[in-house]
Amino acid sequence: MSSDSESSNASSDAAVVTFNSKTVARLFAEHFERPDTRVSASAVETSAEYLRIFTREAIWRTDKALKDTITAAESRDGKQTAKISGARARMMGAEDLERIAGTLVLDF
């Protein structure tokens with residue numbers, strides 16, 4: 001691999017936002033029945049990556065569902081309703097995540 005592509009990959013890897021490994025390890029420790037239970041660093045890193053992917057997928061599916069709602073509103077009721085739905089779509093909320101949670105959890 002050339003140095004140009006290596007530097008390109010390094011900058012794209014630095015842009016990935018993920019869960020803090022210490023936070024994930026703390027979450028594990030809080031829910032263990034025995035306080036002397038240990039988790040390997042690779043298990044914590046893998047779990048952090050899983051959480052990152054799960055969260056990204058949840059946001060993507062919620063966004064897609066809201067866009068589908070806008071498209072349906074446009075075809076059904078016209079542009080005025082679509083403008084209201086468009087404003088609503090920019091304010092994603094907990095109830096929107098709840099709507100997709102069932103299939104998301106089943107898929108993971």
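- Taking every heavy atom of both residues into account, Leu104 and Arg61 meet most closely at CA-NH1, 3.4 Å.
- Interatomic distance, Glu45 CD to Ser47 OG, rounded to the nearest 0.5 Å: 10.0 Å.
- Two different hydrophobic clusters hold Trp60 and Leu51 under the rule that ILVMFWY side chains link at heavy-atom gaps under 4.5 Å.
- Ile53 and Val17 are assigned to two separate hydrophobic clusters, defined by single-linkage of ILVMFWY side chains at heavy-atom distances under 4.5 Å.
- Between Ala58 and Leu97, the shortest heavy-atom contact is O-CD2, 4.0 Å.
- Of all the heavy atoms in Val44 and Ser21, the pair that sits closest is CG1-O, 3.2 Å.
- Residue Ile100 comes nearest to Thr103 through the heavy atom pair O-OG1, 3.3 Å, listed as atom of the first residue, atom of the second, then distance.
- Cluster membership check: Leu106 does not share its hydrophobic cluster with Phe54, using side-chain heavy-atom separations under 4.5 Å among Ile, Leu, Val, Met, Phe, Trp and Tyr.
- Looking at every heavy atom in both residues, Ala43 comes nearest to Val39 through CB-CG1, 3.6 Å.
- Side-chain atoms of Glu49 and Arg52, non-hydrogen and from C-beta on, do get closer than 4.5 Å to each other.
- Minimum interatomic distance between Ala48 and Val24 (heavy atoms only, all atoms of both residues): CB-CG2, 4.0 Å.
- Counting heavy atoms of neighbouring residues, nucleotides and ligands inside a 6.0 Å radius, atom CZ of Arg26 does not exceed 12 of them.
- Side-chain heavy atoms closer than 4.5 Å link hydrophobic residues (I, L, V, M, F, W, Y) into clusters, and following such links, possibly through other members, connects Phe19 to Phe28.
- Here Arg99 does not pair with Glu95 in a salt bridge; the nearest charged N to carboxylate O distance is not below 4.0 Å.
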